[in-house]
Amino acid sequence: MKSKLLLVIAIVFCFGTAHAQYENTTGDKQQANQKNQPKKAVSPLSKIYVGGNIGGGWSNTSAYFEISPIVGYRVTSALDVGTRLTYIYSNYTYYGVKTSYHDMGTSIFARYHFLKMLFLHAEFEALSTQYYPAGINDGKSRRWVPG
């Protein structure tokens, strides 16, 4: 039952994108009318977009879950900037010892669209990660890791 539910969720996220195309069947008349009409002002809110990532996996000895929502802003038709939040949960069983980690952080990014379907993406991320310091057996510590 659980595997069927996960399969349905995976299918929804993999195929949840829709694309549409418009075909001008009226010829040049519509293009001439568009040139004569004044351009509408673009609202700053219409330049904001949201998205992100949800992922995970599991095996006999480990499990992993990540959620990373993003918020972006289209500065120009070719340049986007934005931010991302990240939360990662993972657990492992290593020689009978169970360990779990909660990592979280944020990032900023910029995207340059150089072709219609391709863009360059640059991002700086800082994650607060849990780890076991050498020589300390009774607990975890945290550190910020840039990436």
Side-chain angles (χ1 to χ4, degrees), residues 1-25 30-31 34-35 37-147:
M1 176 67 181
K2 188 175 181 181
S3 63
K4 288 181 183 179
L5 177 62
L6 290 173
L7 179 63
V8 169
I9 291 171
I11 289 171
V12 167
F13 281 110
C14 289
F15 300 106
T17 304
H19 299 280
Q21 295 178 349
Y22 171 75
E23 182 179 349
N24 181 6
T25 58
Q30 185 175 3
Q31 290 177 356
Q34 288 177 350
K35 289 179 184 177
Q37 295 176 355
K39 291 186 178 182
K40 295 180 182 178
V42 178
S43 166
L45 291 178
S46 68
K47 295 182 174 188
I48 295 174
Y49 61 90
V50 295
N53 177 40
I54 297 176
W58 66 94
S59 70
N60 293 336
T61 59
S62 65
Y64 162 83
F65 173 75
E66 176 181 358
I67 184 165
S68 301
I70 68 168
V71 176
Y73 182 77
R74 177 144 296 175
V75 178
T76 67
S77 62
L79 180 65
D80 298 349
V81 295
T83 187
R84 177 170 58 103
L85 298 174
T86 300
Y87 172 76
I88 302 168
Y89 169 79
S90 54
N91 66 27
Y92 305 94
T93 303
Y94 188 68
Y95 290 109
V97 177
K98 293 184 179 182
T99 306
S100 64
Y101 298 94
H102 299 273
D103 301 331
M104 57 206 84
T106 186
S107 68
I108 56 173
F109 66 86
R111 292 178 178 171
Y112 179 73
H113 300 261
F114 61 94
L115 293 175
K116 186 175 183 177
M117 298 297 288
L118 294 175
F119 60 84
L120 295 174
H121 181 96
E123 182 170 3
F124 176 78
E125 176 180 50
L127 284 178
S128 173
T129 63
Q130 288 182 305
Y131 70 102
Y132 286 101
I136 300 176
N137 295 327
D138 60 348
K140 299 175 200 171
S141 291
R142 286 199 158 278
R143 67 176 163 199
W144 283 94
V145 179

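Counting from 1, the numbers follow the sequence of the chain as shown.
Checked by atom type and distance alone, the side chain of Thr106 pairs as donor or acceptor with a backbone atom of Arg84 at under 3.5 Å. Within the 3.5 Å criterion, the main-chain N or O of Ser68 finds no donor-acceptor partner in the side chain of Asn53.
Around atom CG of Leu79, more than 12 heavy atoms belonging to other residues, nucleotides or ligands sit under 6.0 Å away. Counting non-hydrogen atoms of other residues, nucleotides and ligands closer than 6.0 Å to OH of Tyr94 gives a total of 12 or fewer. By the 6.0 Å contact criterion, OH on Tyr73 is enclosed, its count of non-hydrogen atoms from other residues, nucleotides or ligands being greater than 12.
Residues Ser107 and Thr83 approach most closely at O-OG1, 2.7 Å, considering heavy atoms. Closest non-hydrogen pair, Asp103 versus Gln130, comes out as OD1-N, 3.1 Å. Across all non-hydrogen atoms, the minimal contact from Tyr92 to Ser62 is CD2-CB, 3.6 Å. When every heavy atom of Tyr87 is checked against every heavy atom of His102, the shortest pair comes out as OH-ND1, 2.5 Å. The two residues Arg74 and Thr76 come nearest to each other via the heavy atoms CG-O, 2.9 Å.
Taken from CZ in Phe114 to CZ in Phe119, the straight-line distance is 9.5 Å, to the nearest 0.5 Å. The structure places OG1 of Thr61 at 9.5 Å from CG of Asn91, a figure rounded to the nearest 0.5 Å. If you take CH2 on Trp144 and OG1 on Thr129, they are separated by 9.5 Å, rounding to the nearest 0.5 Å. Interatomic distance, Arg111 CZ to Ile70 CD1, rounded to the nearest 0.5 Å: 4.5 Å. A distance of 12.0 Å separates CZ of Phe65 from OG of Ser90, quoted to the nearest 0.5 Å.
A donor-acceptor pair shorter than 3.5 Å cannot be found between the side chains of Arg143 and Ser141.
Relative ring orientation between Phe109 and His121 is described as parallel, the plane-to-plane angle staying below 30° on a 0-90° scale split at 30° and 60°.
At a threshold of 4.5 Å between non-hydrogen side-chain atoms, the residues Met104 and Leu85 do not count as touching. For the pair Val81 and Ile108, the minimum side-chain heavy-atom distance is 4.5 Å or more.
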